[in-house]
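Have a look at the structure below, then the notes.
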Amino acid sequence: LDAPDALDQFGTCGTAAPDTKNFERVVCSEKHAWRAVDVIDLPEDARYLAGPATSTADAACKDIASERANGALQYTWAFEWPTRAQWQTGQRYGYCWVPEAG
């Protein structure tokens with residue numbers, strides 16, 4: 001995964017925005033519309049789906065999306081919490097998603 005184009009082949013992508021009904025995870029070599037571009041750490045002591053942790057993570061994702069927008073004034077992003085099952089097993093990060101440039 002250290003190769004320059006490895007994430008284009010094996011990265012995590014989605015068929016639609018992660019908060020939509022039609023969303024499915026796919027590897028980025030398949031047809032996709034959104035890409036997970038980073039992970040955002042969540043506080044170890046946060047409650048699941050807690051408002052303050054959500055706000056902080058969403059702001060961090062927005063900053064990542066802004067950097068990737070190359071100066072565009074309008075851009076879209078989405079922060080995705082881990083599932084409840086993932087949270088219960090200790091996952092304390094979520095994904096930062098952006099639409100695929102295309």
Side-chain angles (χ1 to χ4, degrees):
L1 291 176
D2 289 334
D5 61 348
L7 292 179
D8 290 334
Q9 181 77 20
F10 302 109
T12 301
C13 287
T15 56
D19 60 347
T20 62
K21 182 179 174 182
N22 298 330
F23 173 76
E24 290 182 41
R25 288 181 204 284
V26 296
V27 293
C28 293
S29 59
E30 293 184 21
K31 185 177 178 180
H32 60 277
W34 282 67
R35 179 181 294 258
V37 294
D38 212 333
V39 294
I40 308 292
D41 291 326
L42 295 160
E44 288 291 324
D45 61 347
R47 293 183 59 146
Y48 186 65
L49 301 178
T54 297
S55 295
T56 300
D58 189 62
C61 186
K62 179 182 178 184
D63 290 345
I64 292 166
S66 175
E67 289 175 19
R68 296 178 64 88
N70 296 321
L73 297 178
Q74 293 186 348
Y75 50 92
T76 304
W77 72 95
F79 172 72
E80 178 190 27
W81 272 81
T83 65
R84 183 171 294 280
Q86 291 167 332
W87 186 262
Q88 289 173 341
T89 61
Q91 182 175 320
R92 294 296 184 267
Y93 64 87
Y95 290 103
C96 178
W97 293 86
V98 297
E100 185 69 283

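Sequence positions, counted from 1, serve as the residue numbers for this chain. Atom set for the values below is all heavy atoms of this structure, side chains included, hydrogens, waters and symmetry mates excluded.
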Practice task
Using a strict cut-off of less than 4.0 Å between a Lys/Arg side-chain nitrogen and an Asp/Glu carboxylate oxygen, indicate whether Glu80 and Arg25 qualify as a salt bridge.
Solution key: yes

Handout entry: is_close_aromatic(Tyr95, Trp81), centroid dist under 6.0 Å
Key = no

Practice task
Hey, could you give me the CZ/CD distance between Arg35 and Glu100, rounded to the nearest 0.5 Å?
Solution key: 4.0 Å

Handout entry: Distance (rounded to the nearest 0.5 Å) between Ile64 CD1 and Phe79 CZ
Key = 10.0 Å

Which heavy atom of [X] sits nearest to which heavy atom of [Y], and what is that distance?
X: Ala53; Y: Leu42; result: O-CD2, 4.1 Å
X: Gly94; Y: Pro82; result: CA-CD, 4.2 Å
X: Ala46; Y: Trp87; result: O-CZ2, 3.1 Å

Problem - Joint cluster assignment, Tyr93 & Leu49, ILVMFWY side-chain distance < 4.5 Å - result: no

Handout entry: Same apolar cluster (I L V M F W Y, side chains within < 4.5 Å links), Val98/Val26
Key = no

Handout entry: CD/Glu24: more than 12 non-hydrogen atoms of other groups inside 6.0 Å
Key = no

Practice task
Can you run down the disulfide bond (SG atoms under 2.5 Å apart) pairs that involve residues 17-85, sequence neighbours left out, and say none if there aren't any?
Solution key: Cys13-Cys28, Cys61-Cys96

Handout entry: Those residues that, when tested against Asp41, pass side chain to side chain donor-acceptor pair (under 3.5 Å) (two or more places apart)
Key = none

Extract all donor-acceptor atom pairs below 3.5 Å that involve side chains of residues 70-77 and protein atoms in other chains or at least two apart in sequence.
residue : atom : partner : partner atom : Å
Trp77   : NE1  : Asp58   : OD1          : 3.0

Exercise for the section: Decide whether Thr83 and Gln86 meet the rule of one side-chain donor and one side-chain acceptor closer than 3.5 Å. Expected result: yes

Handout entry: CA sep, side-chain torsions, deciding dist, call: Trp34, Phe23, ring pair (Phe, Tyr, Trp, His ring centres under 6.0 Å)
Key = CA-CA 9 Å; Trp34 282 67; Phe23 173 76; 8.8 Å; no

